[in-house]
Amino acid sequence: MRASSVLVTGANGEIGHGLIARLAALGRPIVTIDVAPLEPDLARLVRREFTGSITDRGLLERILAEFEIDRVFHLAALLSTRAEFTPIAAHDVNVGGTLNLLEFAHHEGQSHGRPVVFLYPSSVAAYGLPDLDTKTRAKRVREDEWNTPITMYGCNKLYCEHLGRYYAHHYKQLAADPAARRVDFRCVRFPGLISALTVPSGGTSDYAPEMIHAAARGEPYTCFVRPDTRIPFMAMPDAIDALLTLASVPCERLTRTAYNLAAFSPTAAEICNVVQKAFPAASISWDVDSKRQRIIDSWPAEVDDNAARRDWGFAPRYDFAGAFDDYLIPTIKERYS
Ligand code: SER
């Protein structure tokens with residue numbers, strides 16, 4: 001008899017860190033995949049760790065043979081800045097890897113006879129606004145507006161949202177005996193995420209977490225976007241809560257497969273002010289990288305998350321002030337003390 005477990009891909013990443021601790025606290029047996037060995041603190045919490053790539057179908061077959069997976073948190077991805085330097089590798093991981101995982105989930109569902117709940121973090125990068133005027137006029141962008149991303153990462157995320165919807169509702173629709181619904185695909189479009197415990201790498205929204213962590217470490221920071229740059233952000237605990245809540249909600253309540261999430265939308269200057277107040281010695285300067293700025297300017301300043309609030313009760317704990325005062329600053333100060 002195979003053991004029933006949760007599979008987390010990209011387990012070593014920023015979301016993985018927070019999620020694995022929460023899943024372990026809930027008593028869920030966890031199986032992980034990451035290209036790098038798990039950090040010892042995380043490794044202790046999981047039942048089995050596989051070091052390898054989601055592009056390796058042989059690895060997924062081994063997991064299929066050994067474990068009964070009823071839930072997948074598919075977090076592995078190459079983020080937006082990194083993906084622009086290696087677009088084909090990004091496509092292989094972000095799209096090829098996701099397709100492998102969806103097929104894996106379908107076969108898991110077939111083998112144990114229940115749909116596999118498949119959680120997928122998409123991104124505000126799935127949007128692409130053509131210029132700043134349009135961004136200002138667009139206000140709170142809804143899920144189906146401005147789906148014209150300008151990055152490889154954004155294209156990958158948007159396409160995989162559709163792949164997930166296909167697996168959930170239309171898989172092999174012309175077969176003589178169309179497959180039963182085996183993949184229960186649920187996706188959130190995350191804004192930029194800010195964690196007190198980890199620093200991201202390879203993203204374009206990284207200026208916010210980088211600024212905060214540099215100040216806490218007493219290091220100078222040069223911000224690569226203009227002070228008036230505005231995109232949505234969210235504190236990591238709210239992102240983890242959102243994934244866990246969406247995973248547990250009865251599927252009848254869901255009216256879509258991809259949901260916007262929002263918490264607060266500060267400008268880079270507003271983030272700088274709060275950081276400077278918390279760390280008066282912080283040295284923050286500005287040197288705009290026009291190419292990365294172009295990417296950030298194509299992402300909306302605000303998104304409309306009414307569908308998530310209505311369908312599954314999404315309600316972030318932290319607004320801008322609360323995220324800094326009650327979570328980021330105290331936790332980061334403790335971390336670097
Ligand atoms: N934070 C991500 C990035 O900057 C967007 O999802 O690439």
Side-chain angles (χ1 to χ4, degrees), residues 9-10 12-19 73-87 89-91 93-95 97-98 119-129 135 141 143 146-161 164 187-213 223-226 229-240 242-243 258-266 268 271 288-289 291-303 305 308 316 323 328:
T9 73
N12 244 337
E14 282 215 287
I15 303 174
H17 270 83
L19 181 66
F73 291 90
H74 172 36
L75 312 178
L78 264 59
L79 296 185
S80 58
T81 289
R82 167 112 189 264
E84 287 311 301
F85 290 103
T86 54
H91 192 280
V93 173
N94 295 352
V95 175
T98 300
L119 271 296
Y120 181 66
S122 182
S123 163
V124 72
Y127 292 109
L129 292 138
K135 174 165 169 162
V141 174
E143 280 89 349
W146 299 109
N147 295 147
T148 43
I150 67 162
T151 60
M152 177 52 103
Y153 173 77
C155 293
N156 296 165
K157 286 291 181 187
L158 186 61
Y159 174 58
C160 288
E161 289 182 10
C187 159
V188 286
R189 276 194 199 150
F190 278 134
L193 299 179
I194 314 181
S195 170
L197 303 175
T198 51
V199 191
S201 68
T204 316
S205 62
D206 294 4
Y207 60 91
E210 283 173 359
M211 194 185 290
I212 304 164
H213 284 263
C223 183
F224 59 81
V225 294
R226 289 186 319 269
T229 303
R230 190 191 293 281
I231 60 160
F233 282 99
M234 178 183 279
M236 189 59 83
D238 278 330
I240 307 295
L243 283 176
Y259 288 91
N260 274 345
L261 300 184
F264 44 88
S265 279
I271 298 171
V288 175
D289 175 336
K291 293 174 181 157
R292 291 180 93 187
Q293 179 76 56
R294 170 80 196 96
I295 291 176
I296 287 282
D297 285 345
S298 76
W299 298 351
E302 287 184 83
V303 297
D305 62 357
L328 289 167

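In each ligand, atom 1 is the first atom listed, and ligand 1 is the first ligand listed. Scope of the values below: all heavy atoms of this structure, side chains included, with no hydrogens, waters or symmetry mates. Treat the numbers as computed from the prediction; the structure is a model and nothing was measured.
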K.L.:
Are Ser265 and Glu302 linked by a side-chain donor-acceptor pair shorter than 3.5 Å?
P.N.:
no

K.L.:
Report yes if the side chains of Glu84 and Ile295 come closer than 4.5 Å at any heavy-atom pair, otherwise no.
P.N.:
yes

K.L.:
Going by distance only, is there an N or O of Tyr153 that falls short of 3.5 Å from an N or O of ligand 1?
P.N.:
yes

K.L.:
Taking non-hydrogen atoms only, is Tyr207 closer than 4.0 angstrom to ligand 1 via side chain, backbone, both or neither?
P.N.:
neither

K.L.:
Counting distance only, does the side-chain N/O of Thr204 pair as donor-acceptor with the main-chain N or O of Ile296 below 3.5 Å?
P.N.:
no

K.L.:
Run the side chain to side chain contact (heavy atoms under 4.5 Å, CB included) check on Val303 and Tyr127 step by step: do they pass?
P.N.:
CA-CA 10 Å; Val303 297; Tyr127 292 109; 3.9 Å; yes

K.L.:
For atom 3 (C) of ligand 1, what's the nearest protein heavy-atom neighbour? Residue, atom name and distance, please.
P.N.:
Ser80 OG, 3.3 Å

K.L.:
Where is the nearest protein heavy atom to atom 5 (C) of ligand 1: which residue, which atom, and how far?
P.N.:
Ser123 OG, 3.3 Å

K.L.:
Using a 4.0 Å heavy-atom cut-off, say whether Ser205 meets ligand 1 through its side chain, its backbone, both or neither.
P.N.:
both

K.L.:
Does any N or O of ligand 1 fall below 3.5 Å from an N or O anywhere on Thr204, backbone included?
P.N.:
yes

K.L.:
Are Thr98 and Glu161 side-chain neighbours, meaning at least one heavy-atom pair lies under 4.5 Å?
P.N.:
no

